[in-house]
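For this chain, numbers begin at 1 and follow the sequence in order.
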Amino acid sequence: MLSLRRRPISSFSVAARYTIGSGFVIAALALTLIALLIPVEKFGGRASAAAARPAADDDGAGTMSTAYGPLTPADRDFVRKVRLAGLWELPAGRQAQQRGTRPAVRTAGEHLVEGHTELDRQVIQVGQALGIDLPNQPSEQQRGWLGQLTRAQGDEYERLFVQLLRRAHGKVFALLAQIRAQTRNSMVRALATSANTTVLDHITVLEDSGLVDFDALVVPDVTPTPSTDVRSTK
């Protein structure tokens with residue numbers, strides 16, 4: 001009589017365990033692949049895809065809840081001001097590179113262009129991540145400054161360039177310290193840290209020109225009239 005051989009139970013169990021284990025491995029690899037296919041942009045090591053939403057415990061002061069922490073009206077105002085700074089300091093820097101006769105002035109223009117090109121890239125990412133509407137053109141006052149620079153000639157131009165930019169950077173520098181110390185939003189804090197480095201560099205190269213009139217820095221700004229602003233945009 002023929003005898004039928006049975007597969008050892010131990011062998012069957014090993015095969016089953018191997019099959020089940022392989023299934024888990026394949027599933028894990030598939031999930032990993034899906035995650036890798038999802039594009040995520042980062043700023044300062046943090047994902048920038050979260051959107052802001054009204055805080056559930058909003059105290060009526062306009063604070064928003066985000067994945068990066070509370071976003072206050074002061075935070076949003078700061079982000080917009082960083083964007084505004086680049087909108088007029090970038091063209092001012094390019095102009096100084098072309099029109100400056102002193103090497104120090106051309107160097108300052110180069111630093112302005114390089115610094116605000118990178119800072120502008122960062123602030124756009126922050127604005128998108130936090131749902132902040134950003135301006136796309138300089139303010140009326142900033143357009144007036146650009147108009148003054150365009151009309152100035154020779155030595156007057158270089159001194160005006162240095163003075164206007166040094167005064168503007170001094171005011172932003174003070175704001176940076178306040179925001180950096182008080183914000184509870186990690187993305188705003190990272191932007192303030194980056195902007196602080198950029199602004200300090202710009203202040204330094206502007207002062208290196210030897211053209212800063214420090215006594216005049218305390219004189220209040222005068223906002224250009226609308227008619228002057230129109231001429232500056234031509």
Side-chain angles (χ1 to χ4, degrees), residues 39-44 46-54 62-64 66-68 71-99 108-151 160-161 164-165 167-176 179 183 185 187-199 201-202 221-234:
V40 178
E41 293 185 359
K42 294 185 177 180
F43 167 70
R46 301 169 179 84
S48 63
R53 63 183 185 280
T63 299
M64 311 292 284
T66 78
Y68 310 99
L71 184 69
T72 67
D75 292 333
R76 295 193 292 274
D77 182 62
F78 164 72
V79 174
R80 294 188 181 103
K81 284 182 177 178
V82 173
R83 169 66 170 167
L84 276 171
L87 289 175
W88 87 277
E89 290 178 24
L90 265 171
R94 295 191 186 102
Q95 190 180 70
Q97 286 180 296
Q98 298 171 359
R99 298 182 58 191
E110 179 182 352
H111 280 241
L112 286 172
V113 171
E114 292 180 354
H116 281 289
T117 296
E118 174 60 21
L119 201 58
D120 201 50
R121 181 190 66 81
Q122 294 178 8
V123 76
I124 289 175
Q125 288 186 353
V126 172
Q128 292 174 344
L130 299 178
I132 301 174
D133 292 330
L134 299 177
N136 292 316
Q137 63 178 351
S139 68
E140 178 183 0
Q141 185 180 52
Q142 291 167 338
R143 294 195 300 272
W145 291 336
L146 288 171
Q148 291 178 45
L149 289 172
T150 299
R151 293 187 293 272
L160 181 62
F161 165 79
L164 285 175
L165 272 297
R167 174 181 288 173
H169 279 80
K171 291 186 175 182
V172 172
F173 199 49
L175 175 63
L176 283 170
I179 294 296
T183 185
N185 188 282
M187 288 202 79
V188 174
R189 190 179 305 116
L191 179 63
T193 299
S194 181
N196 181 77
T197 301
T198 301
V199 170
D201 171 70
H202 293 173
D221 292 331
V222 178
T223 303
T225 62
S227 58
T228 301
D229 195 54
V230 170
R231 290 196 301 270
S232 68
T233 59
K234 293 183 179 180

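In this structure, the side chain of S194 does not engage the main chain of A190 through any donor-acceptor pair within 3.5 Å. Of the possible polar contacts, none joining the N196 side chain to the T193 backbone as a donor-acceptor pair under 3.5 Å is found.
Note that CG of D133 and CZ of R76 are 10.5 Å apart. Values are rounded to the nearest 0.5 Å. We find the CD-NE2 distance between E89 and H111 to be 14.0 Å, quoted to the nearest 0.5 Å.
Residues meeting the side-chain hydrogen bond (donor to acceptor under 3.5 Å, both in side chains) test with E114, sequence neighbours left out: none. With sequence neighbours excluded, no residue satisfies salt bridge (Lys or Arg N to Asp or Glu O under 4.0 Å) with R99. Taking N185 as the reference, T66 meet the side-chain hydrogen bond (donor to acceptor under 3.5 Å, both in side chains) condition, with sequence neighbours excluded. For T197, there are no side-chain hydrogen bond (donor to acceptor under 3.5 Å, both in side chains) partners at least two apart in sequence or on another chain. By the salt bridge (Lys or Arg N to Asp or Glu O under 4.0 Å) test, D77 pairs with K81, sequence neighbours left out.
For residues 72-96, the pairs satisfying ring-ring contact (aromatic ring centres under 6.0 Å, His included) are W88-W145, with sequence neighbours left out.
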Check against side-chain contact (heavy atoms from CB on, under 4.5 Å), Q95 and L112: CA-CA 10 Å; Q95 190 180 70; L112 286 172; over 6 Å; no
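The pair E118-R121 counts as a salt bridge, with a side-chain nitrogen and a carboxylate oxygen less than 4.0 angstrom apart.
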